[in-house]
S.K.: 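Sharing a structure here in structure tokens format.
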Amino acid sequence: LVDVTVTNARRGDIAATGQGHGIFVDNTGAAGAVVTIDNATISGFEKDAINARFTEVQITGGTITGAGVTSANNGANPDPAQNGIQLLGVTGKVEGVTISNIAYDDPIITNATGILVWGGSQLELGGNIISGALDGGNVAGFIGIAVVEGGDGGVIDGNSITNAQY
């Protein structure tokens with residue numbers, strides 16, 4: 001995918017369904033697939049701008065803009081905590097991506113994340129500009145880069161992270 005624009009990938013209003021991905025890649029069961037996403041512009045997504053699973057990714061350049069501070073306090077349908085990029089069991093790189101305007105208003109429940117990695121291997125994250133949304137001028141529930149449940153090797157270097165709690 002080169003120079004692609006994705007807007008309003010959601011199921012109606014933002015709701016905590018965990019769906020509504022701008023770009024979704026699932027390579028479960030296949031070996032050797034490489035997904036290239038170059039200079040994508042993604043906004044209006046419900047949960048993740050990019051969600052990639054069990055593949056090699058080459059994500060370079062581009063802009064991801066979230067919905068601002070999403071809320072746990074929307075009654076029976078709380079908003080989801082957005083993620084700019086969520087990666088599960090991937091290898092490859094994320095480089096030179098600008099991620100902004102993402103946060104969650106109740107960090108005790110969960111946090112929004114610029115880049116969320118679950119068990120990546122030999123993954124390189126570098127040169128990304130990541131900025132959380134402010135809630136009334138204050139830093140809200142936002143983590144710039146989170147690596148969860150290990151991983152094998154990889155490098156996180158040269159990223160700029162602002163307006164983050166962690």
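FYI, the numbering just counts along the sequence from 1. These numbers were taken from a predicted model, which means no experiment stands behind them.
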S.K.: Taking only residues two or more places apart in sequence or in another chain, which ones pass salt bridge (charged side-chain N to carboxylate O under 4.0 Å, His left out) with E95?
M.R.: K93

S.K.: Could you list the cluster mates of L134? Members are the ILVMFWY residues connected by side-chain heavy atoms closer than 4.5 Å, either directly or through other members.
M.R.: V139

S.K.: List the steps and the verdict of side chain to side chain contact (heavy atoms under 4.5 Å, CB included) for I23 and V6.
M.R.: CA-CA 8 Å; I23 297 172; V6 180; 4.1 Å; yes

S.K.: Could you tell me whether the side chains of T91 and S121 share a donor-acceptor contact shorter than 3.5 Å?
M.R.: no

S.K.: To the nearest 0.5 Å, what is the distance between CG (N111) and CD1 (I143)?
M.R.: 4.0 Å

S.K.: Search all heavy atoms of G92 against all heavy atoms of E56 and return the closest pair with its distance.
M.R.: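 Scanning both residues completely, I find the closest heavy atoms to be CA-CG, 4.1 Å.
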
S.K.: Rounded to the nearest 0.5 Å, what's the gap from CD1 on I115 to CG on L87? Could you check?
M.R.: 7.5 Å

S.K.: Can you give me the closest heavy-atom contact between D26 and F54, atom names plus distance?
M.R.: OD1-CD1, 4.3 Å

S.K.: Give me the atom names and distance for the closest heavy-atom approach of G127 to N159.
M.R.: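 Minimum heavy-atom contact is N-OD1, 3.5 Å.
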
S.K.: Measure the spacing between CZ of F142 and OG1 of T162 and express it to the nearest 0.5 Å.
M.R.: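 Reported to 0.5 Å precision, the distance equals 8.0 Å.
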
S.K.: Could you check whether any side-chain heavy atom of I99 comes within less than 4.5 Å of a side-chain heavy atom of N128, counting everything from C-beta outward?
M.R.: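 I99 vs N128: side chains apart.
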
S.K.: Drop me the distance from L88's CG to R53's CZ, to the nearest 0.5 angstrom.
M.R.: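 Answer for the CG-CZ pair, L88 versus R53, is 6.0 Å.
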
S.K.: Please name the pair of heavy atoms, one in A140 and one in D135, separated by the smallest distance, quoted to 0.1 Å.
M.R.: CB-CB, 3.9 Å

S.K.: Mind listing the closest non-hydrogen atom pair of A133 and A103 along with its distance?
M.R.: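 Closest approach of A133 to A103: O-CB, 3.5 Å.
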
S.K.: Heavy-atom distance under 4.5 Å between the side chains of L123 and V117, does that happen here?
M.R.: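 Counting from C-beta outward, L123 and V117 do come under 4.5 Å.
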
S.K.: Could you check V69 against Y104 for side chain to side chain contact (heavy atoms under 4.5 Å, CB included), going step by step and ending with a plain yes or no?
M.R.: CA-CA 5 Å; V69 180; Y104 201 64; 6.0 Å; no

S.K.: Hey, is CG on D157 packed in by over 12 heavy atoms from elsewhere, all under 6.0 Å?
M.R.: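 12 or below, so no.
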
S.K.: Go through it in stages, so that I can follow the logic: the residues are D38 and T60, the test is side-chain hydrogen bond (donor to acceptor under 3.5 Å, both in side chains), and I'd like the CA-CA distance, side-chain angles, deciding distance and then a yes or no.
M.R.: CA-CA 5 Å; D38 183 33; T60 56; 2.8 Å; yes

S.K.: What's the shortest heavy-atom distance between I102 and Q82, and which atoms?
M.R.: CG2-O, 3.5 Å

S.K.: How far does OG1 of T55 sit from CG of N27, to the nearest 0.5 angstrom?
M.R.: 4.5 Å

S.K.: Please report the interatomic distance CD(Q86) to NZ(K47), rounded to the nearest 0.5 Å.
M.R.: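 One gets 6.5 Å once the value is rounded to the nearest 0.5 Å.
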
S.K.: Taking C-beta and beyond as the side chain, do L125 and V155 meet within less than 4.5 Å on heavy atoms?
M.R.: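 The answer is no; the side chains never approach within 4.5 Å.
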
S.K.: I'd like to check V34 versus Q58 (side-chain heavy atoms, cut-off strictly below 4.5 Å). Are they in contact?
M.R.: yes

S.K.: Flag the pair I145 / I161 as yes when at least one side-chain heavy-atom distance between them is below 4.5 Å, and no otherwise.
M.R.: yes

S.K.: Are side-chain N/O atoms of D105 and S71 paired as donor and acceptor at under 3.5 Å?
M.R.: yes

S.K.: For the pair I85 and D48, evaluate side chain to side chain contact (heavy atoms under 4.5 Å, CB included) and give the outcome as yes or no after the intermediate values.
M.R.: CA-CA 6 Å; I85 300 173; D48 306 310; over 6 Å; no

S.K.: Should F45 and I64 be marked as a side chain to side chain contact (heavy atoms under 4.5 Å, CB included) after you check the CA-CA gap, both sets of side-chain angles, and the distance that decides it?
M.R.: CA-CA 9 Å; F45 56 93; I64 294 170; 3.8 Å; yes

